[in-house]
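Notes for the one structure printed next.
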Amino acid sequence: MSTRVRTRFAPSPTGNLHVGGARTALYSWLYAKKMGGDFVLRIEDTDQARSTKESVQVVLNDLKWLGYDWSEGPEVGGPLGPYYQSERLSIYKEHTERLLKAKKAYYCFCTDERLEKMKEEAIKAGRPPHYDRTCSHVSYEDAKARLEKGEKGAVRFKIPSGKDAYTFKDIIRGEVTFPSDMVGDFVILRSDGMPVYNFCCVVDDALMGITHVLRAEEHLSNTLRQMMIYESFEYPLPTFGHLSIILGADKQKLSKRHGATSCKQYEEMGFLPEAMTNFLALLGWSSPDGKEILNKEDLIKNFDLDRLHGAAAVFDEVKLKWMNATYLRELPHLDLWKRVEPFLASAGLPLTSSLWKDSGWQDKTLSVFKTSMETLKDAVPLYQLLDDETFKIQEEAKEVFTWESTKAVLAEWKKQVEGHTGDDFTEADFNTMQDAVKTNCNVKGKFLFMPLRVAVIGKAHGAELKQLVPCMKKSSLLRRAEIVSKEI
RNA sequence: GUCCCUAUCGUCUAGUGGCCUAGGAUGCUACCCUUUCACGGUAGAGACACGGGUUCAAAUCCCGUUGGGGACGCCA
């Protein structure tokens, strides 16, 4: 019987969820789903200086927004908790003691100053900047005595001398070998009693029964240290997969100076979590059938570790926009409206008016506007066109006022609107009115429809009038017709 | 400096020795649809980083160079 697949995502709560982190979470989540296994969320908050409660919440919210639900972790609990490293201190302490007693680790009382100086000298001399083992001879008993007296000490892991090199098989990179002397005796427990990443990570992954560790490439060389720790506890090694880095347009690691890097920012820009997920999935993975638009079910069905790509990928926002647009258009209007609403609200549009609250109107306007939207936020300038309060004639439209026929066209249009019975217009109503203007003023082509569009939305270009006019009330059209006729 | 990873159209990628005259997607260009804009449709331009091997045959395997990235923390 093969063991149940257990993957995990272990963010450190030091800010928003980075898109690279989101992709790592996605792949881990997908693989667990695909294999019918568990996806565990663990919060790596041992860096007290940088971890915050707020960040935990932000990261949790980002994961929820993306829809990567975890079967064990914060909020849901689980049998192998706690899932915050800051609550697992006694576990790490016990493990540290075990290593200390087995002489696989030792207390180090060197000062920061000494360490710093040593490192500088080593670099200057061209030696690897490793710890010189000054304290490795301090016995366990002596160390405890010094600690009793209030001295501060950190615990260092003693690099085993038995092996020249460590080799493991990475899912993405194949066989990877590191020479043992690549690292020096490294700290596993800080002098303030807090354990360090490489140590907690191993202890937790082992104790939580994690079978597959997918993580960013920057952890690849950490694997050496972690293998040594696994070995010292005789814990079985999980399967590792080191994902490539996500780059900005300049091929440098994606960072703040590239603009948006966090999920939250993309959410605020009006991207859909569905599109984000699909896009991220394709950044380093491809579907065997070559399809690119894949919803979560498709992704789960097609996902496989052996199709992960090892080279770094540039985050192309242009393609993300295209993908977002295709998801946007597929959304049922009722759903799309709900998503667009917060953006319209923060732009101060009259969402509470009886017209804008009408679901029939929402449906009608969305079918007009959605083909010109790439993001949810793109709805704002579009819907602004329908808001009487902010109606204005745009600069690009003023050319129509230089045309000789425009004056008559606008006057006739106003007359047609005035003469219309009832508050609303159908497409047929509009066609009749437009035909009347056309024959009465003897104009056609752009000399007809451009001035009309200006009279309706203040722009010379945009959606079809026969679609736009039925979205508007007579009073609104009248008011606009008056404003426009004053221009001439 | 040492160690490790990586290299196909601008970008994301397919490709696991012959099916490659290198496929798809996006972006770009043109045309069609359209009384504008967008959507949609069709077509086009566009890549195996370089140099050596191995082989009857290399984008694919090996070595080197170059470029990019990462690690060498009491950060994760």
Side-chain angles (χ1 to χ4, degrees), chain A residues 10-14 21 44-47 49-51 85 108 110 112 115-116 119 122-131 152-156 170 172-174 176-179 181-184 186-198 200-201 215-225 242 244-245 247 249 251-253 279 282-293 306-307 309-323 325-326 329 368-374 382 434 438 444-450 452-453 459-465:
Chain A
S12 62
T14 54
E44 309 222 322
D45 54 354
T46 55
D47 183 350
R50 295 198 302 148
S51 303
Q85 289 187 329
C108 171
C110 294
D112 286 349
L115 259 18
E116 192 60 39
K119 188 176 159 185
I123 290 171
K124 213 175 276 173
R127 281 178 286 122
H130 295 163
Y131 180 62
K152 290 276 179 204
V155 176
R156 285 185 185 273
D170 189 277
I172 302 166
R173 301 172 198 280
V176 181
T177 302
F178 293 106
D181 61 8
M182 197 175 100
V183 291
F186 55 91
V187 169
I188 56 174
L189 193 74
R190 298 182 178 98
S191 50
D192 65 0
M194 274 310 234
V196 149
Y197 165 75
N198 278 304
C200 308
C201 183
R215 48 153 74 136
E217 193 187 348
E218 59 240 40
H219 291 294
L220 186 55
S221 46
N222 281 328
T223 309
L224 171 62
R225 277 182 257 234
H242 289 92
S244 62
I245 307 279
L247 310 174
K251 301 240 183 189
Q252 300 293 300
K253 192 174 173 181
F279 178 75
L282 260 25
L283 227 52
W285 176 83
S286 59
S287 181
D289 59 10
K291 291 227 173 67
E292 297 213 325
I293 298 293
D306 58 21
R307 293 190 67 82
H309 196 226
V314 174
F315 191 95
D316 182 6
E317 214 172 279
V318 175
K319 187 159 182 177
L320 207 212
K321 277 187 183 169
W322 161 77
M323 196 166 267
T326 75
R329 281 177 219 125
V368 179
F369 291 146
K370 71 170 177 179
T371 56
S372 34
M373 286 165 57
E374 283 188 314
L382 261 11
Q434 191 185 40
K438 186 176 172 181
K444 60 178 183 179
K446 70 172 186 177
F447 296 105
L448 170 64
F449 63 79
M450 279 198 173
L452 289 190
R453 187 174 286 103
K459 287 176 65 180
H461 302 283
E464 287 189 61
L465 286 168

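All chains are named by letter (A, B, ...) in the order of the sequence lines, taking the proteins before the strands, and each is independently numbered beginning at 1.
A/H130 places its NE2 atom 16 Å from the P atom of B/G1, with the value rounded to the nearest Å. In this entry the distance linking CG of A/L115 with P of B/G73 reads 10 Å, nearest Å. Going from atom CG of A/N222 over to atom C1' of B/C3 covers 13 Å, rounded to whole Å. A/E217 places its CD atom 12 Å from the P atom of B/G69, with the value rounded to the nearest Å. Atom OH of A/Y197 and atom P of B/A71 are 12 Å apart (whole Å). Nucleotide B/U35 holds its P atom 10 Å from the NZ atom of A/K438, rounded to whole Å. For the pair A/M182 CE and B/C3 C1', the interatomic distance rounds to 5 Å; values are reported in whole Å. A straight line from CE of A/M323 to P of B/U13 spans 12 Å, rounded to a whole angstrom.
Contact check for A/T46 versus A/R190: side-chain heavy atoms found under the 4.5 Å cut-off.
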Would A/E374 and A/L320 count as a side-chain contact (heavy atoms from CB on, under 4.5 Å) if you check the C-alpha gap in whole Å, the side-chain angles of each, and the deciding distance to 0.1 Å? CA-CA 9 Å; A/E374 283 188 314; A/L320 207 212; over 6 Å; no
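Distances shown here put every side-chain N or O of A/R329 at or beyond 4.0 Å from the OP1 or OP2 atom of B/A38. For the pair A/H309 and B/A14, the criterion of a side-chain N or O lying under 4.0 Å from OP1 or OP2 is met. Proximity of A/Q252 to the phosphate of B/G69: a side-chain N or O atom is located under 4.0 Å from OP1 or OP2. A close approach under 4.0 Å does occur between a side-chain nitrogen or oxygen of A/T46 and OP1 or OP2 of B/A76. A sub-4.0 Å separation between OP1 or OP2 of B/G70 and a side-chain N or O of A/S221 is absent. Of the side-chain N and O atoms in A/R190, one or more sit less than 4.0 angstrom from OP1 or OP2 of B/A76. In terms of phosphate contacts, A/K251 brings a side-chain nitrogen or oxygen within less than 4.0 Å of OP1 or OP2 of B/U11.
Counting non-hydrogen atoms under 4.0 angstrom, A/C200 reaches nothing in the nucleic acid. Across all strands, A/R50 comes closer than 4.0 Å to base atoms (heavy-atom distances). Counting non-hydrogen atoms under 4.0 angstrom, A/V318 reaches the backbone sugars and phosphates but no base. Using a 4.0 Å heavy-atom distance criterion, A/F178 is classed as a sugar-phosphate-only contact. Using a 4.0 Å heavy-atom distance criterion, A/R225 is classed as a sugar-phosphate-only contact. Across all strands shown, A/A311 has heavy atoms under 4.0 Å from sugar-phosphate atoms exclusively, and none from any base. Among the protein residues, A/S244 comes within range of no part of the nucleic acid, since none of its heavy atoms lies under 4.0 Å from any strand. Using a 4.0 Å heavy-atom cutoff across all strands shown, A/T371 reaches at least one base atom of the nucleic acid. Counting non-hydrogen atoms under 4.0 angstrom, A/A463 reaches a base of the nucleic acid. Within 4.0 Å of A/G445, counting heavy atoms only, lies at least one base atom of the nucleic acid. Nucleic acid contact for A/G284: sugar-phosphate only, since backbone atoms but no base atoms lie under 4.0 Å from a heavy atom of the residue. Counting non-hydrogen atoms under 4.0 angstrom, A/P179 reaches the backbone sugars and phosphates but no base.
Listed nucleotides: B/U36, B/C74, B/A38. Nearest to the side chain of A/F449: B/U36. Checking B/C74, B/U13, B/C4 against the side-chain heavy atoms of A/L220 singles out B/C4 as nearest. Looking at the side chain of A/P129, the nearest of the listed nucleotides B/C72, B/G69, B/A76 is B/C72. Of the candidate nucleotides B/U13, B/C5, B/U26, B/U13 has the atom lying nearest to any side-chain atom of A/S286.
Considering all non-hydrogen atoms of both residues, A/K370 and A/R329 come closest at NZ-O, 3.0 Å.
To the nearest whole angstrom, the two P atoms, one in B/U16 and one in B/A58, are 16 Å apart. Comparing the C1' positions of B/U6 and B/G44 gives an interatomic distance of 33 Å, to the nearest angstrom. Across B/A59 and B/C3, the matching P atoms stand 31 Å from one another, rounded to whole Å. Only the C1' atoms considered, B/G15 is 36 Å distant from B/A76, to the nearest whole Å. Atom P of B/U55 sits at a distance of 49 Å from the matching atom of B/U29, rounded to the whole Å. Straight-line distance between the C1' atoms of B/U34 and B/C20: roughly 40 Å, to the nearest whole Å. Nucleotides B/U11 and B/G69 are separated by 15 Å at their P atoms, to the nearest Å. Taking the C1' atom of each, B/U60 and B/A45 are spaced 27 Å apart, rounded to whole Å.
No donor-acceptor distance shorter than 3.5 angstrom exists from the side chain of A/S191 to the backbone of A/A154, with no hydrogens or angles considered. Between the side chain of A/N222 and the backbone N or O of A/N198 there is no donor-acceptor pair closer than 3.5 Å. Under the 3.5 Å distance criterion, the side-chain polar atoms of A/T223 are matched with a main-chain donor or acceptor of A/H219. For the pair A/R307 (side chain) and A/W285 (backbone), a donor-acceptor distance under 3.5 Å is absent.
Remark: B/U34 base-pairs with no nucleotide in the shown strands. Criterion, Watson-Crick or G-U wobble with two distances under 3.5 Å. The nucleotide B/A25 finds its pairing partner in B/U11, both defining distances of the Watson-Crick or G-U wobble pair being shorter than 3.5 Å. A 3.5 Å limit on both hydrogen-bonding distances identifies B/G1 as the Watson-Crick or G-U partner of B/C72. With a cut-off of 3.5 Å on both pairing distances, B/G17 has no Watson-Crick or G-U wobble partner at all. With a cut-off of 3.5 Å on both Watson-Crick or G-U wobble distances, the partner of B/C48 is given as none.
For a distance-only test at 3.5 Å, the side chain of A/S191 qualifies as a donor-acceptor partner of the base of B/C74. In the interface, the side chain of A/K319 is paired with the base of B/A25 through a donor and an acceptor atom under 3.5 Å apart.
A donor-acceptor pair shorter than 3.5 Å cannot be found between the side chains of A/R173 and A/H242.
Between A/E464 and A/R453 there is no salt bridge, since no side-chain nitrogen of the basic residue lies less than 4.0 Å from a carboxylate oxygen of the acidic one.
A distance of 5.0 Å separates CG in A/L224 from CE in A/M182, rounded to the nearest 0.5 Å.
Residue whose closest nucleotide on RNA chain B sits further toward the 5' end, between A/M373 and A/L189: A/M373. Along RNA chain B, the nucleotide nearest A/D47 and the nucleotide nearest A/L448 are compared for position; the residue whose nucleotide lies closer to the 5' end is A/L448.
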